[in-house]
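Shown next, in structure tokens, is the structure this report addresses.
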Amino acid sequence: MLGRELQVKSSASSEHVAQVEALVNEKLAEASAATTGADTQIVSILAMLNIAEAYLALKEEREEERRTNRERLTGLIERLEGQKN
């Protein structure tokens, strides 16, 4: 990560840790390529902002899916109750 070795301790599987490391390295490389000559602190901040932006977009998408599913489920329950009466 930016030319530094880090020892990571985690309760997650080694495969999961490797996936996290790969994602972080990818985002650092993207931020570094977008900011020629920037120091590592700026690159790190930009990478974190990009990861946070992606996270928030996925979170919003998931919340929208939950709302949609809840509305569909409510509609189905209402239809079933209507047929019951």
Side-chain angles (χ1 to χ4, degrees):
M1 289 183 223
L2 296 175
R4 298 184 77 181
E5 284 289 320
L6 295 175
Q7 192 121 46
V8 177
K9 292 184 180 183
S10 175
S11 60
S13 69
S14 59
E15 293 84 12
H16 183 76
V17 172
Q19 287 178 326
V20 170
E21 181 181 0
L23 175 63
V24 169
N25 283 330
E26 176 187 334
K27 294 300 179 183
L28 287 169
E30 289 173 4
S32 182
T35 57
T36 53
D39 70 11
T40 57
Q41 188 174 23
I42 297 297
V43 170
S44 298
I45 291 167
L46 288 174
M48 287 188 292
L49 288 169
N50 289 338
I51 291 170
E53 180 181 26
Y55 167 78
L56 291 174
L58 287 172
K59 182 180 173 186
E60 185 177 314
E61 183 181 313
R62 186 171 185 214
E63 288 172 0
E64 181 59 34
E65 287 175 2
R66 282 184 175 171
R67 277 191 292 276
T68 300
N69 288 339
R70 196 174 305 117
E71 289 170 4
R72 289 177 66 202
L73 184 57
T74 300
L76 290 171
I77 290 170
E78 288 172 356
R79 285 177 57 196
L80 286 171
E81 287 176 348
Q83 289 178 357
K84 187 174 148 182
N85 295 332

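- To the nearest 0.5 angstrom, N50 atom CG is 12.0 Å from I45 atom CD1.
- Applying the salt bridge (charged side-chain N to carboxylate O under 4.0 Å, His left out) rule to pairs touching residues 66-76 yields E64-R67, sequence neighbours excluded.
- The main-chain N or O of T40 is found under 3.5 Å from a side-chain atom of S44 such that the two form a donor-acceptor pair.
- Identified under the salt bridge (charged side-chain N to carboxylate O under 4.0 Å, His left out) test for residues 27-37, with sequence neighbours left out: K27-E30.
- Taken to the nearest 0.5 Å, the OG atom of S11 stands 9.0 Å off from the NE2 atom of H16.
- Closest heavy-atom contact between V43 and S32: CG1-N, 3.8 Å.
- Scanning both residues, A31 and A47, for their nearest heavy atoms gives CB-N, 3.9 Å.
- If you take OG1 on T74 and CG on N69, they are separated by 10.5 Å, rounding to the nearest 0.5 Å.
- Here E63 contributes atom CD and L58 contributes atom CG; the two are 11.0 Å apart, rounded to the nearest 0.5 Å.
- If you chain together hydrophobic residues whose side chains sit under 4.5 Å apart, L46 and I51 never meet in one group.
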